[in-house]
2 protein chains.
Amino acid sequence: MLSYNMVTIKDIAARLEVSASTVGRALADDPRISAAMKQKVAEVADEMGYVANRAARMMRGVSSNLIGLVVPDIRNSFYSTIAHALSQCLESADYQLTLSETDDDRQVELRQIRELTSANVAGIIIVPSARPHPDAVRLLKLTPHIQLLRKHSSIGEQWFGIDDTQAIYQATKHVVNRGHRRIAYIGGIAELPTGAGRLKGFRDALRSSEAPSNAVEELGPPSSMDFGRDALRRVLASSPRPTAVVTGSVQITQAVLEEIWATGVHVPEELSVVGFGDELGFRWWGPGLTTVSLPVSDLATACGLWFVHQLKLKTVRTSPYSSISPPTLIVRGSCRDHVETQSLSSPSRRAVG
Amino acid sequence: MLSYNMVTIKDIAARLEVSASTVGRALADDPRISAAMKQKVAEVADEMGYVANRAARMMRGVSSNLIGLVVPDIRNSFYSTIAHALSQCLESADYQLTLSETDDDRQVELRQIRELTSANVAGIIIVPSARPHPDAVRLLKLTPHIQLLRKHSSIGEQWFGIDDTQAIYQATKHVVNRGHRRIAYIGGIAELPTGAGRLKGFRDALRSSEAPSNAVEELGPPSSMDFGRDALRRVLASSPRPTAVVTGSVQITQAVLEEIWATGVHVPEELSVVGFGDELGFRWWGPGLTTVSLPVSDLATACGLWFVHQLKLKTVRTSPYSSISPPTLIVRGSCRDHVETQSLSSPSRRAVG
DNA sequence: TTGAAAGCGCTAACAG
DNA sequence: CTGTTAGCGCTTTCAA
């Protein structure tokens, strides 16, 4: 290990023949210090290449400039988008982002939160797992924190998310309006707040239609491609086979697209599809994927700005605040009108371009 | 700000009626402490929910358990894959990952490295920008560090990367072998080590062919979709129009795919394409994208393991070490044989499935 | 307006 | 095997 002698507050004090506290205060822009002194201190500090020792500062109770981001899996584009947006707006407020992945495992989540609190982070931005560990909840209460996307009341009432119910409601309503009656939904487990909201959106949309409809629901881990693939196979095998499928997470959507592509089912002739999220590539999947687009980046930025604002007012935050962002349905070619006497015409084919 | 009374080593000491140092040593598993004592301390610590104060520990000279990851943009799947892999293997070594984005801007990069060193990070894993700032290089020398993907000798000789030259060589060779002679390459600027290597691969492959060939080279920021789109348009407009295009970064590939899809050029009839990286969705793009797959996740894991190993031996590392991972060409449908008397047959079309 | 001094929680030298 | 003591660099009383 390298031993590098950082220049300390004492060094500049010695050089200027003043006390350490004077230098400390000058650096902190304390009103009691004369402008002349501040000036001199600033110059010498700069000249000697002084950098504050964060550890020492932290020990004096000042929390670090670290903000912990706790997400299931950074490879999920939702979360990498969030990480990027947060990183940007936290940086400009002089905060550093630390990354913790939970893999949606409450034990891992607890460990990570333990780590973060022991590192004295200034705050935690978390996408909580389905059922966070009580100890994790307890630890979070000791640190400023905010929930993103998923919300558990046990953790708090500070939350930025999207309207999950509305998202899937729109998606489902779209196929219902186009005449589909046997509709499958493949989405995240209802134990997750997002999963529950989306499932509700699906059911609400079906209920809102006049004609009786026939739903197939497949619920599983929202980040599991394997689950998505298997679920789609089950949906295709079920009888009567659904004429439309709505997906409830990005990963599940990707898995379903892959599987449909692999099995050779024709879209939209044999099956209509509405996806979740608008990934690069969804546009060029088959006839173009009709999907629900979510303002994840804006959401994260808003969340970051607000959180930093909260941290600045060094006040205990218990007052609830929620921000719900609306989804948008993007209609492309993966859904078509369904008529009961369905004639499977020879599929119209589509070339690149 | 919340005032939360963390339980300290003293609290445990008081409870057990021993000295603080005994507890400290027991917790550190010091050989001089009796097993019985360690046992008791461990129990009480656990019971009281003791978490070590990192700030205090750091002040005693021990560096933090933070490792800084410095990348251009976490939304790039290369880097999110890397972040995930590193996060996993650093976590198991009890390190925390902090995330810094540079947007390939040397000033930002310098700022981020400043931040990291002042936060006393245990080490830095960096994908350096094209021309790192001299001060950044200087700062890096003060901290254990390793380069990922891109390598600058000024920064050091510790590097994990892929064989960029080989990657593009394979891609280019593939179309050359299929008879193409007018070939375009759209890739990152040669100022980047990766850009230079890939460009070399392109040129080497062309030179290696017997028949004379005609190259078009478009170089720009590798992470700019806009550049990719514009470059492709220029390529299509050039005369004689190339019959094949090879791309040299993930983002450029994505941009090129989008643009080809948008302009309606038929692949592979009018244009053969070889991509870079194997993103989800490349499989279902048009006739399936023939592309170079790179073992990014394994690379990052290897890098993480090795770096942690280096940190454990608390020795100054100056000895060079490089690890080069090989790419793999994945052949799908986006290239076809080229014959000079090219007959543009009516395009064979492909449906989903 | 500045100084002196007391710690923050932990580790490490130096005694027992 | 365990206790005492002295700081690490900084902030923050309390004095001057």
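Protein chains get the first letters and strands the later ones, always in sequence-line order, with residue 1 at the start of each.
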Candidate pair A/D104 and A/R150, rule salt bridge (charged side-chain N to carboxylate O under 4.0 Å, His left out), full reasoning
CA-CA 12 Å; A/D104 268 333; A/R150 302 179 187 164; 2.8 Å; yes

With sequence neighbours left out, what residues match A/T81 under side-chain hydrogen bond (donor to acceptor under 3.5 Å, both in side chains)?
none

Test side-chain hydrogen bond (donor to acceptor under 3.5 Å, both in side chains) applied to B/T22 - qualifying residues, sequence neighbours left out:
B/S19

For B/K40, check salt bridge (Lys or Arg N to Asp or Glu O under 4.0 Å) against everything at least two apart and list the hits.
none

Residues passing the salt bridge (Lys or Arg N to Asp or Glu O under 4.0 Å) test with A/D105, sequence neighbours excluded, are none

Provide, to the nearest angstrom, the distance between the [atom1] atom belonging to [X] and the [atom2] atom belonging to [N].
X: A/E17; N: C/dG3; atom1: CD; atom2: C1'; answer: 15 Å
X: A/N120; N: C/dG9; atom1: CG; atom2: C1'; answer: 11 Å
X: B/R54; N: C/dT11; atom1: CZ; atom2: P; answer: 11 Å
X: B/K10; N: C/dC10; atom1: NZ; atom2: P; answer: 9 Å
X: B/N53; N: C/dC8; atom1: CG; atom2: C1'; answer: 8 Å
X: A/I9; N: C/dC8; atom1: CD1; atom2: P; answer: 19 Å

Taking five pairs at each end, how big is the angle between the two axes of the helix from C/dT1-D/dA16 to C/dG16-D/dC1, to 10°?
40°

List in chain and number order the residues that pass side-chain contact (heavy atoms from CB on, under 4.5 Å) with [X], two or more places apart in sequence or in another chain; answer none if no residue qualifies.
X: A/D94; value: A/R54, B/E115
X: A/R57; value: A/A52, A/V62
X: A/A42; value: none

With 3.5 Å as the limit, what N/O pairs link the protein to nucleotides 12-16 of chain C?
{"from": "C/dA13", "atom 1": "N6", "to": "B/R25", "atom 2": "NH1", "distance (Å)": "3.1"}

Span of DNA chain D engaged by chain A, first through last nucleotide within the 4.0 Å heavy-atom cut-off, is D/dC8 to D/dT13

I want to check one thing: is the phosphate of C/dG9, taken as OP1 and OP2, less than 4.0 Å away from some side-chain N or O of B/T8?
no

Once side chain to side chain donor-acceptor pair (under 3.5 Å) is applied, what residue pairs with a partner in residues 41-53 of chain B remain, sequence neighbours excluded?
B/R15-B/E47, B/Q39-B/E43

Could you note down all residue pairs passing side chain to side chain donor-acceptor pair (under 3.5 Å) where residues 82-92 of chain B supplies at least one of them, sequence neighbours left out?
A/D73-B/H84, A/R75-B/H84, A/E101-B/H84, A/E101-B/S87, A/R111-B/E91, A/Q112-B/E91

If each of B/A56 and B/V18 is mapped to the nucleotide of DNA chain D with the nearest heavy atom, which maps nearer the 5' terminus, i.e. the 5' end?
B/V18

With a 4.0 Å cut-off on heavy atoms, is A/M37 in touch with a base, just the backbone sugar-phosphate, or nothing at all?
sugar-phosphate

Taking B/W159 for the side chain and B/L149 for the main chain, is one N or O donor matched with an acceptor at less than 3.5 Å?
yes

